[in-house]
Amino acid sequence: MDWLAPPNDHALAVLLLTAVALLLFTREGIALETSSLFVLVLLTLGFELFPFERDGQVLHATDFFHGFGHEALVAVCALMIAGQGLVRTGALEPVGRALGRAWGMAPSISLLLTLLVGAVLSAFVNNVPIVVLLLPILISVSLRTGSPASGVLMPMGFATLVGGMSTTIGTSTNLLVVSVASDLGLRRLEMFDFFLPVAAAASVAILYLWLIAPRLLPLRHTDLDDAAPRVFAAQLLITQDSFADGKRLADAVDKAGGEMQVTRVLRGGESFLLPLPDAILRAGDRLLLSDSAENLKEYESALGAALYSGDTPVDDEHPLRAENQQLAEVVVTQGSSLEGSSLTGSRFAERHQLLTLALHRAGWQLHAVRGGIQDVRLRVGDVVLIQGARERLAELKRLGDVLVLDATSDLPSTQRAPIALGIMAAIILSAAFGWLPIAISATAGVFLMLASGCLSWRDAARALNTQVILIVVASLALGAALLKTGAADYLAELFVSATQEASPAGLLSGLMLLMAVMTNIVSNNAAALIGTPIAIGIARRLGLPEEAFVLAVLFGANMSYATPIAYKTNLLVMSAGGYRFSDFLRVGIPLTLIMWAVFSWLLPTLYGLD
């Protein structure tokens, strides 16, 4: 490798900051939005305190804030809100119903159909609502057939990622790469300019996900495998020889272990006492409780009381009952009111009159009733086990604030669903035919969604994701700094020098593989936005087609298959299917290699690279 002169001090500082940023983006204990803001603050402070001038042009620190008004970010945010309109109106309900019926007739063909539908829809709509649509259907099928959902959920999630690669609006990564490349002088790629190579690669990927991936996945089970009620409403009758007779309620709670929560105290069959700590209990009082069977039996034993279910003593012939009660798992999704909040802070149980039983998070053991879960800050992909009346669960599902994995009620439907579909179609068609830029058509579509009542402003606010906004802005700022200080040119020269014996096709393939590795470790948007100026620098240095190298970055940054942290839908699927980290490696690495191999052949062929 030829020796390269070191870059200037500002370029070195930006390279160091880029390495720090990529490291921070991989730290699970640090919020991604916090890391992004930290990078943005360091960039602006650094260039304000140490100005940079090149060819007579001064790089102003405030230039790094331009990402907040960048066309790509506007388009990403508008499309997220428009996609929320489809979810809130149940506009995709007919697709869900049709797939649900098909699964009852031919499961194997239905899996292929589900993969194809997920891929096609994700080419035009953010894949998060697509996964939210398909998850309950597949879990419902698994419950009816007695087969674990783990064999189909991950292939479905990956199919939506594969389909999202095919158009400029399929993923936020596509939009950002296309916009940044246009800013750097490349012609603006139109919606279907790279559809054909993706369709060819996706055909191979879908066959793999249909025929091979389910066989690579081990059986995994979730809490829905046991559909018995977990919490019961019951009464503890204070008898004359009970410890609690003549004692304060607080003393009785301490005696029972400190976890017993009394909702009311029934005295004389008619009057109720407020469950105040200093209330004195008497023989004949009944303590009204809701808890697990095991805990209720422990309270009965500790207090020497008699456990009743209604007016019937609990024994072997008259066990505890929970009529009209159902279990459900709810998944915290992007834009949910639970995201970033706790069960206590959001008053989730009180608002919906439901019992929260347990919390599951990747890498955690299941936490039981009142096991400290109420104050845990929830994040996308967390699963909360709840119990409540059938009507309450149906209402929760209808509201659409969280993803309900129980299939006890139909998918949401409103009269505005056709309007939402029409608006989304107008957004896509106007961009596809070049009538309007996607940022403008999507923004106009958001206005129409709001004006027509398909969305409320609260829904629109929930659809926006600060994590996406800040990672995009910080990555745009880093990309601009890499380019304007010459750091991107230095990295391009370094890459070319390190691979000087490689053919142009080998260079392109190596760059794509590097992006595929990065996107599974850091944010896909960060990998793409940092990689795009480097790719253009490589192509310009060697006199090769710039578009081919930009597409190599775009395709590589979309290969978010090998880890659950690579993309937010991976986390949703991981929690719902009970997968482990190793399951993603087992299925995702072969899929990454398949897509990389196909594109490594297609792109050089299409652009005449030998």
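Just so you know, these numbers use all the heavy atoms, side chains as well, and skip hydrogens, waters and symmetry mates.
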Item to check | Partners passing side-chain hydrogen bond (donor to acceptor under 3.5 Å, both in side chains) against Asn570 (at least two apart in sequence or in another chain) | outcome: none

Next on the checklist: Run the side-chain hydrogen bond (donor to acceptor under 3.5 Å, both in side chains) test on Thr171 and Asn558 for me, step by step, so that the C-alpha distance in whole Å, both residues' side-chain angles and the decisive distance to 0.1 Å come before the verdict.
Outcome noted: CA-CA 8 Å; Thr171 68; Asn558 272 291; 3.2 Å; yes

Next on the checklist: If I compare all heavy atoms of Pro155 with all of Ala213, which pair ends up nearest, and what's the gap?
Outcome noted: CG-CB, 4.2 Å

Checklist entry - Closest heavy-atom contact between Glu547 and Tyr607? => result OE2-OH, 2.5 Å

Next on the checklist: So for atom CZ, which belongs to Arg580, do other residues, nucleotides or ligands contribute more than 12 heavy atoms lying within a distance under 6.0 Å?
Outcome noted: no

Next on the checklist: Is it the case that the side chain of Ser179 and the backbone of Leu176 share a donor-acceptor pair, with hydrogens and angles ignored and the cut-off at 3.5 Å?
Outcome noted: no

Checklist entry - Using the ring of each side chain (for Trp, its six-membered ring), is Phe52 parallel, tilted or perpendicular to His10, with breaks at 30° and 60°? => result tilted

Item to check | Validation row: Tyr579, Leu217 side chains within 4.5 angstrom (heavy atoms) | outcome: yes

Next on the checklist: For a 4.5 angstrom cut-off between non-hydrogen side-chain atoms, does Leu184 reach Pro533?
Outcome noted: yes

Checklist entry - Looking only at heavy atoms, which two atoms of Gly531 and Val553 are closest? And how far apart? => result O-CG2, 3.7 Å

Item to check | Aromatic ring pairing Phe192/Phe195, orientation class (parallel under 30°, perpendicular over 60°, tilted between) | outcome: perpendicular

Checklist entry - Once you round to the nearest 0.5 Å, how far does CZ of Phe584 lie from OG1 of Thr563? => result 8.0 Å

Checklist entry - For Leu24 and Phe38, which heavy atoms make the closest approach, and how far apart are they? => result CD1-CD2, 3.5 Å

Checklist entry - At their closest point, which heavy atom of Leu602 faces which heavy atom of Ala200, and how far apart are they? => result CD1-CB, 3.9 Å

Next on the checklist: Using 0.5 Å steps for rounding, measure from the CG atom of Leu544 to the CD1 atom of Ile536.
Outcome noted: 13.5 Å

Checklist entry - Salt bridge check: are Asp193 and Arg187 linked by an N-O gap of less than 4.0 Å? => result yes

Checklist entry - For the atom pair CG (Leu551) and CG (Leu189), what is the distance rounded to the nearest 0.5 Å? => result 6.0 Å

Next on the checklist: Ignoring hydrogens, what is the shortest heavy-atom contact between Phe599 and Ala201? Give both atom names and the distance.
Outcome noted: CZ-CB, 3.6 Å

Checklist entry - Hey, would you say the Phe47 and Phe64 ring centroids sit under 6.0 Å apart? => result yes

Residues 156-166 side chain polar contacts: donor-acceptor under 3.5 Å, at least two apart:
| from | atom 1 | to | atom 2 | distance (Å) |
| --- | --- | --- | --- | --- |
| Thr160 | OG1 | Asn127 | ND2 | 3.2 |
| Thr160 | OG1 | Gly157 | O | 2.6 |
| Ser166 | OG | Gly163 | O | 2.8 |

Checklist entry - For the atom pair CE (Met191) and CD1 (Ile169), what is the distance rounded to the nearest 0.5 Å? => result 4.0 Å

Checklist entry - Would a distance-only check, ignoring hydrogens and angles, find a side-chain to backbone donor-acceptor pair under 3.5 Å from Trp210 to Ala205? => result no

Item to check | Atom pair CZ (Phe194) and CZ (Phe555), whose distance is rounded to the nearest 0.5 Å | outcome: 6.0 Å

